[in-house]
Amino acid sequence: MKWPRFRHTAERAGRGIALLILLALTAAALYPTALTLAGSFMAENEIASSFAALGDGEGFVQLRWIPDRVTLSQYYTVLIGKPQFLLMFWNSVKITVPIIAGQVVIASLAAYAFALLRFRGREPLFFVYLVTMLMPFQVTLVPNFIMADKLGLLDSYASIILPGIFSAFGVFLLRQFMMVIPRSYVEAARMDGASHLYVFARIVLPMCGTGVAALAMLVFIDNWNMVEQPLIFLHDAVKQPLSVYLSAISEEARGIAFAASALYMLPPLLVALYAEKYLVEGIQLSGIKG
């Protein structure tokens with residue numbers, strides 16, 4: 001009779017340890033965000049004194065999480081005093097939104113072909129897609145730069161948007177969804193005379209709504225934070241997105257950097273809060289059938 005009681009106690013202890021580990025990892029992950037939000041409401045001299053204490057090797061004891069005097073001067077400077085913030089915010093939107101729309105369209109059409117159409121070389125071609133998905137984007141930067149130069153697209157948003165649209169990950173994710181759809185639906189529609197475009201738009205795509213939402217979220221987060229591509233393909237500083245602007249803020253303007261970073265985090269946080277269920281469900285359902 002003692003063994004079940006010991007086993008129950010061990011399970012409770014294991015769950016407690018796992019909970020403590022998760023809390024520690026959560027705190028470590030949220031630490032930069034909390035530090036950014038707190039610093040965005042501090043005066044510049046208070047931020048300088050806090051970081052000076054850290055630089056002296058005195059640990060995190062003197063780091064102020066609550067400002068002595070809450071100020072919105074950094075937000076005023078970012079939103080009104082320096083209009084380049086709003087300009088570069090709009091540049092980020094002009095780059096990210098077309099990539100999301102284009103990748104959803106291209107990936108859904110390609111996934112339909114790989115999942116529900118039968119043609120010679122389908123599996124080897126999809127394997128090539130998987131290989132390209134495993135390569136880091138830094139490998140393709142030089143070929144993309146050469147192609148953009150030959151096409152006269154350098155220093156334009158098209159040099160970033162076009163490579164971003166044709167991503168293998170979106171094809172892979174949506175194909176996993178479409179492989180789960182019963183083929184009888186498609187065959188019945190085809191026997192009634194429906195075209196592939198009709199089947200795709202009216203039958204398959206509505207059944208993959210969760211996967212499309214998950215793909216849009218992942219593409220948004222990935223491209224909203226891009227830095228390397230704009231630095232390489234865009235030479236005009238006026239066309240740079242906000243992610244490049246944040247990396248160029250000087251150390252003397254740390255308050256402005258905190259405020260700009262807090263505003264820059266707002267769109268991804270809103271997307272994560274309001275569409276988290278679609279992302280979780282989309283990732284789960286994509287692994288039902290390979």
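Values below: all heavy atoms of this structure, side chains included; hydrogens, waters and symmetry mates excluded. Residue numbers start at 1 and run along the sequence shown.
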Measure the spacing between [atom1] of [X] and [atom2] of [Y] and express it to the nearest 0.5 Å.
| X | Y | atom1 | atom2 | answer |
| --- | --- | --- | --- | --- |
| L25 | L30 | CG | CG | 11.0 Å |
| N144 | D149 | CG | CG | 12.5 Å |
| I99 | W224 | CD1 | CH2 | 12.0 Å |
| N91 | L86 | CG | CG | 11.0 Å |
| I203 | C208 | CD1 | SG | 11.5 Å |
| L270 | M265 | CG | CE | 11.0 Å |

Report yes if some heavy atom in the side chain of [X] is under 4.5 Å from a heavy atom in the side chain of [Y]; otherwise report no.
| X | Y | value |
| --- | --- | --- |
| P267 | F220 | yes |
| T96 | M226 | no |
| Q229 | L141 | yes |
| R122 | F126 | no |
| K239 | Y157 | yes |
| M88 | V238 | no |
| I161 | P98 | yes |
| V212 | F177 | no |

For a quick test of reading the model, state the closest non-hydrogen atom pair linking [X] to [Y] and the distance between them.
| X | Y | result |
| --- | --- | --- |
| S167 | G164 | CB-O, 4.1 Å |
| L35 | F258 | O-CE2, 4.0 Å |
| A260 | V78 | N-CG2, 4.2 Å |
| S92 | Y264 | OG-CE1, 4.5 Å |
| Y75 | S40 | OH-OG, 2.8 Å |
| P241 | L234 | CD-CD1, 4.5 Å |

Please determine which of L109, L215, L205 meets the side-chain contact (heavy atoms from CB on, under 4.5 Å) test together with L174.
L215
For [X], does the [atom1] atom sit with more than 12 other heavy atoms under 6.0 Å from it, leaving out its own atoms?
| X | atom1 | value |
| --- | --- | --- |
| R202 | CZ | no |
| M207 | CE | yes |
| F127 | CZ | no |
| R183 | CZ | yes |

[X] side-chain N/O to [Y] backbone N/O, donor-acceptor pair under 3.5 Å:
| X | Y | value |
| --- | --- | --- |
| N223 | V219 | yes |
| T71 | F41 | no |
| Q240 | Y245 | no |

Please determine whether residues [X] and [Y] belong to a single hydrophobic cluster, defined as Ile, Leu, Val, Met, Phe, Trp and Tyr linked transitively by side-chain heavy-atom distances below 4.5 Å.
| X | Y | value |
| --- | --- | --- |
| L23 | I17 | no |
| L162 | F169 | no |
| F166 | I95 | yes |
| I80 | L87 | no |
| F119 | M178 | yes |

Please work out which of the three classes, parallel, tilted or perpendicular, describes the rings of F145 and F233, given edges at 30° and 60°.
tilted
Residues R190, E187; criterion side chain to side chain contact (heavy atoms under 4.5 Å, CB included); working and verdict
CA-CA 5 Å; R190 292 289 294 164; E187 293 173 356; 5.6 Å; no
How far apart are the C-alpha atoms of F200 and S195, what are their side-chain angles, what is the distance that settles it, and do they pass the side chain to side chain contact (heavy atoms under 4.5 Å, CB included) test?
CA-CA 9 Å; F200 167 77; S195 63; over 6 Å; no
Does the ring centre of Y129 sit less than 6.0 Å away from the ring centre of F114?
yes
